Asker: 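Supplied in structure tokens, the structure appears directly below.
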Amino acid sequence: MKKLVIAEKPSVGRDIARVLGCKQQGKKYIEGNEYIVTWGLGHLVTLADPEGYDKKLKTWRMEDLPMMPERFKLVVIPQTRGQFQAVKSLIERKDVGEIIIATDAGREGELVARWILAKAGNKKPLKRLWISSVTDKAIREGFAHLKNAKEYENLYHAATARAESDWLVGMNASRAYTIRYGALLSIGRVQTPTLALIVEKQKEIDAFVPQDYFEVQADFEQYTGFWIDEKENTRLDLREKAEQIAARVKGQRGIVSQTVKEEKRQLPPLLYDLTELQRECNRKFGFSAKKTLDIAQSLYEKRKMITYPRTDSRYLSDDMVGKIKQTLGRLKDVPEFYPYAAEVLAKEKLPLSKRIIDNSKVTDHHAIIPTDTRLRTDHLTPEENKVFSLVAARFLAVFYPAYVYEATKVYTKVGLDTFLSKGKTVLQEGWQAVEKALLPEIRKNKTEKEEEQQLPPLTEQQPVIAKRTKVLDKKTKAPPPYTESTLLSAMENAGRFVEDEELKEQMKDSGLGTPATRAAIIERLLSVGYIMRKGKTLVPTEKGQKLIAVVPEELRSPQTTGKWEKGLSSIAKGKMTEERFLESIRRYVRFLVDDAAQHKKDVVFEAERPRGKRSRVQGLGKCPLCGKGKILENSRSYYCTEWKSGCKFSLWKDSTEPYGILLDAPKVKRLLKGETLKQIPVVLPQTGERGTADLILSPDHSGRVELMNVTRNIKE
């Protein structure tokens with residue numbers, strides 16, 4: 001009897017087939033003597049829409065809410081029906097005696113396979129391939145140690161509970177509030193509280209009133225100091241007082257009254273989980289969370305150079321010590337990483353502290369690290385190289401000693417006035433030497449704190465002269481809007497927005513969404529028009545602000561969703577039943593529908609812009625994503641003619657509005673040909689200054705335009 005292996009995607013399926021020696025190419029599968037390997041295209045099966053339960057639910061009416069299916073129905077996704085039928089026929093083959101689930105080793109991967117098997121009516125025994133990388137070695141080892149699929153039943157229950165709860169909240173709340181307010185309102189269990197974070201931040205910014213304040217700077221012979229009061233505050237509210245201090249100190253003699261030196265140590269940062277990798281890529285390279293995930297997935301699946309990226313752990317398990325040494329050996333073979341990997345391997349004993357190895361903090365997957373296969377960087381795209389370099393540099397850095405520096409404070413007395421000077425001296429570069437050498441971008445992103453002055457040798461009672469003084473005009477700054485980096489942090493640490501101390505403690509390990517879903521949530525908020533990108537920041541639209549104004553506190557509170565994520569985690573660990581969790585969701589949905597039906601707030605939503613009919617004009621060019629369709633234009637976007645077959649290419653016309661760029665058909669036509677549009681006039685969103693930029697179509701073909709070589713006009 002043969003064993004049927006079901007992978008999540010064709011690329012991984014083909015890799016598994018090659019390792020297992022399957023060479024006979026069938027239609028949508030590859031067969032060998034012992035194994036048949038097939039695949040999904042991501043999800044092939046999903047939950048039925050409301051009209052799948054009752055035809056009358058196709059019409060949205062308040063009296064039909066809440067919709068609470070006793071048993072949820074699974075339906076085949078129309079665009080991938082052919083692949084499902086192929087997998088189903090393989091499951092039913094009489095010479096197949098066992099099914100091996102080889103989808104991504106995580107909650108969603110479990111759901112992909114289990115729903116296919118459930119819809120196909122499978123009764124055959126199941127095994128589970130659970131691996132953290134898709135190198136040939138990892139695949140071979142995984143098949144040598146297959147797991148019993150029953151070990152992952154709880155993970156499947158958690159995945160089902162997540163999907164069904166999202167259906168219950170999304171379908172019911174979206175319909176209820178859309179009917180109540182006469183505007184198409186998309187509401188989600190996770191997306192709405194995430195939107196609330198962005199809206200609340202914007203309220204803080206809008207309510208902020210900048211205040212003038214002043215500082216007095218004195219330039220001594222070899223260093224600079226700032227006037228301080230008895231509490232070491234530098235801020236003065238009155239310019240007149242600041243000018244008086246500057247005048248009486250200028251040219252006067254003083255003494256160094258005190259020097260304080262303190263040695264400080266900064267331990268290496270932890271290894272990457274997906275959220276931290278997304279934050280770093282956003283900070284350093286301006287990548288969106290989705291873009292980082294796509295690149296990391298490519299490095300995992302296609303290049304086989306990093307381990308499973310959709311992880312929430314930043315630690316390794318103690319059974320990986322051998323693999324750590326092998327991976328260091330592989331990095332030693334790559335010229336740019338050689339000196340650092342060689343230095344670590346030269347140690348008598350690897351410095352494996354609890355900050356690296358901790359079994360208690362490894363859940364389904366360990367932290368993201370390079371694989372122990374042959375590593376080649378010469379065939380990577382520039383963007384892949386950036387992400388891989390981050391992962392490799394961090395992996396090497398954790399084995400290096402702390403960054404040590406001496407923080408110095410110098411107090412200078414001029415008459416009755418005291419001036420404070422701060423500086424630092426690096427005593428040991430430690431791990432920072434690795435990241436600075438391998439990631440030159442870090443040098444360009446230094447914070448002001450890191451740019452502290454180098455102080456000369458100074459001794460107490462040393463005489464000095466305040467050669468120059470000046471008054472600095474300052475303003476208090478509004479809190480900054482969210483970037484994707486800071487929003488990901490807020491989503492991960494949603495518990496800190498909760499006032500109840502006991503609940504805050506309970507929510508330490510839960511947040512809004514999971515590492516694997518947060519990028520999609522941000523993209524969803526952008527696509528439905530609730531938020532928009534303004535430079536590197538995310539700001540709410542008028543529609544997004546109005547939605548948060550009309551929904552109840554329970555729907556916008558991260559506390560509610562954080563408790564649910566904790567519940568889903570409890571199901572996966574076998575500490576809560578799926579039924580108990582869903583009953584709490586059903587109660588919540590009844591509350592939401594009642595709230596929408598009974599309370600209408602004095603908020604009016606603008607009429608939606610008409611989407612317009614699909615254009616029948618000649619295409620602007622070939623679709624760069626699917627390669628089959630043509631790109632057409634409608635009133636809001638440029639889209640692919642193969643959209644019914646699942647192609648998701650969509651280039652929104654308003655995506656470049658924050659930069660003052662009109663994305664018209666002639667520009668798009670040239671972009672689709674692979675051209676770079678040179679020196680297009682732009683407005684820099686954060687400052688309002690004018691400049692120019694080069695435009696290209698995003699290399700990942702996700703339907704985005706990227707700006708490069710942005711320059712500011714010098715004349716002002």
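Values below: all heavy atoms of this structure, side chains included; hydrogens, waters and symmetry mates excluded. Just so we're clear, the structure is a prediction, and the values are computed from it rather than from any experiment.
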Asker: Would you check if there is a donor-acceptor pair between the side chains of D319 and S317 at a distance under 3.5 Å?
Answerer: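 Yes.
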Asker: For I131 and I139, work out which heavy atoms get closest and say how close.
Answerer: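 That would be CD1-CG1, 4.0 Å.
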Asker: Start with the C-alpha distance between E108 and R310, add both sets of side-chain angles, then the distance that settles salt bridge (charged side-chain N to carboxylate O under 4.0 Å, His left out), and finish with yes or no.
Answerer: CA-CA 10 Å; E108 283 309 298; R310 297 168 186 255; over 6 Å; no
Asker: Working to the nearest 0.5 Å, report the span between CD of E429 and NZ of K436.
Answerer: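 Spacing of CD (E429) from NZ (K436) equals 4.5 Å.
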Asker: Considering non-hydrogen atoms only, spot the tightest contact between K678 and D694 and give its length.
Answerer: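 Residues K678 and D694, closest heavy atoms: CA-OD1, 3.4 Å.
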Asker: Could you check E384 against K302 for salt bridge (charged side-chain N to carboxylate O under 4.0 Å, His left out), going step by step and ending with a plain yes or no?
Answerer: CA-CA 11 Å; E384 286 175 333; K302 183 180 168 188; 5.1 Å; no
Asker: State whether the number of non-hydrogen atoms from other residues, nucleotides or ligands found under 6.0 Å of H145 atom NE2 is greater than 12.
Answerer: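 For H145, atom NE2 is not crowded (no more than 12 foreign heavy atoms under 6.0 Å).
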Asker: Does atom CD of Q679 have more than 12 heavy-atom neighbours, drawn from other residues, nucleotides or ligands, at distances under 6.0 Å?
Answerer: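 No, CD of Q679 has 12 or fewer neighbouring heavy atoms, counting only those of other groups under 6.0 Å.
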Asker: Between the side chains of T483 and T486, does any donor sit under 3.5 Å from an acceptor?
Answerer: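 Side-chain D/A pair, T483 to T486: present.
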Asker: Can you give me the closest heavy-atom contact between G544 and V199, atom names plus distance?
Answerer: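 The pair with the smallest heavy-atom distance is O-CG2, 3.9 Å.
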Asker: Check the orientation of F388 and F337. Use parallel for under 30°, tilted for 30 to 60°, and perpendicular for over 60°.
Answerer: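 Plane angle over 60°, so perpendicular.
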Asker: Working to the nearest 0.5 Å, report the span between OH of Y638 and CG of L672.
Answerer: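 The distance works out to 10.0 Å.
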Asker: In this structure, are over 12 heavy atoms from other groups packed under 6.0 Å from K422 atom NZ?
Answerer: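 It does not: K422 NZ has 12 such atoms or fewer within range.
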Asker: Can a salt bridge be assigned to the pair K291 and E383 using a cut-off of 4.0 Å between side-chain N and carboxylate O?
Answerer: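 Salt bridge present between K291 and E383.
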Asker: To the nearest 0.5 Å, tell me how far L328 CG sits from F399 CZ.
Answerer: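 Reported to 0.5 Å precision, the distance equals 5.0 Å.
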Asker: Describe, in one word, how the ring planes of Y403 and Y405 are oriented to each other, choosing from parallel (under 30°), tilted (30 to 60°) and perpendicular (over 60°).
Answerer: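 Taking Y405 first and then Y403, their aromatic rings sit tilted (interplane angle of 30° to 60°).
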Asker: In a check of side chain to side chain contact (heavy atoms under 4.5 Å, CB included) between S288 and each of R533, Q278, K536, which one passes?
Answerer: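 Checked R533, Q278, K536 against S288; only one passes side chain to side chain contact (heavy atoms under 4.5 Å, CB included): R533.
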Asker: Quick one: pull up CD1 in I696 and CD in E675 and give me the separation to the nearest 0.5 Å.
Answerer: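 Reported to 0.5 Å precision, the distance equals 13.0 Å.
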Asker: Apply salt bridge (charged side-chain N to carboxylate O under 4.0 Å, His left out) to residues E276 and R283 and explain how you reach the verdict.
Answerer: CA-CA 11 Å; E276 182 61 18; R283 281 198 295 263; 3.7 Å; yes
Asker: Heavy-atom count check: over 12 atoms from other residues, nucleotides or ligands less than 6.0 Å from R265 CZ?
Answerer: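 No, because the 6.0 Å sphere around CZ of R265 holds 12 heavy atoms or fewer from other groups.
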Asker: With L375 as reference, evaluate K332, K304, R330, R303 under the side chain to side chain contact (heavy atoms under 4.5 Å, CB included) test and give the passing residue.
Answerer: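 Checked K332, K304, R330, R303 against L375; only one passes side chain to side chain contact (heavy atoms under 4.5 Å, CB included): R330.
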Asker: OH/Y482 to NZ/K201 distance, rounded to the nearest 0.5 angstrom?
Answerer: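 Atom-to-atom, Y482:OH and K201:NZ are 4.5 Å apart.
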Asker: Is it the case that the side chains of R107 and T514 hold a donor-acceptor pair, with the cut-off being a distance below 3.5 Å and no angle test?
Answerer: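 No donor-acceptor contact under 3.5 Å links the two side chains.
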Asker: Using 0.5 Å steps for rounding, measure from the CD atom of Q297 to the OH atom of Y308.
Answerer: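 Answer for the CD-OH pair, Q297 versus Y308, is 7.0 Å.
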Asker: May I ask you to say whether K290 pairs ionically with E484, meaning some side-chain N is under 4.0 Å from a carboxylate O?
Answerer: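 No, K290 and E484 are not salt-bridged.
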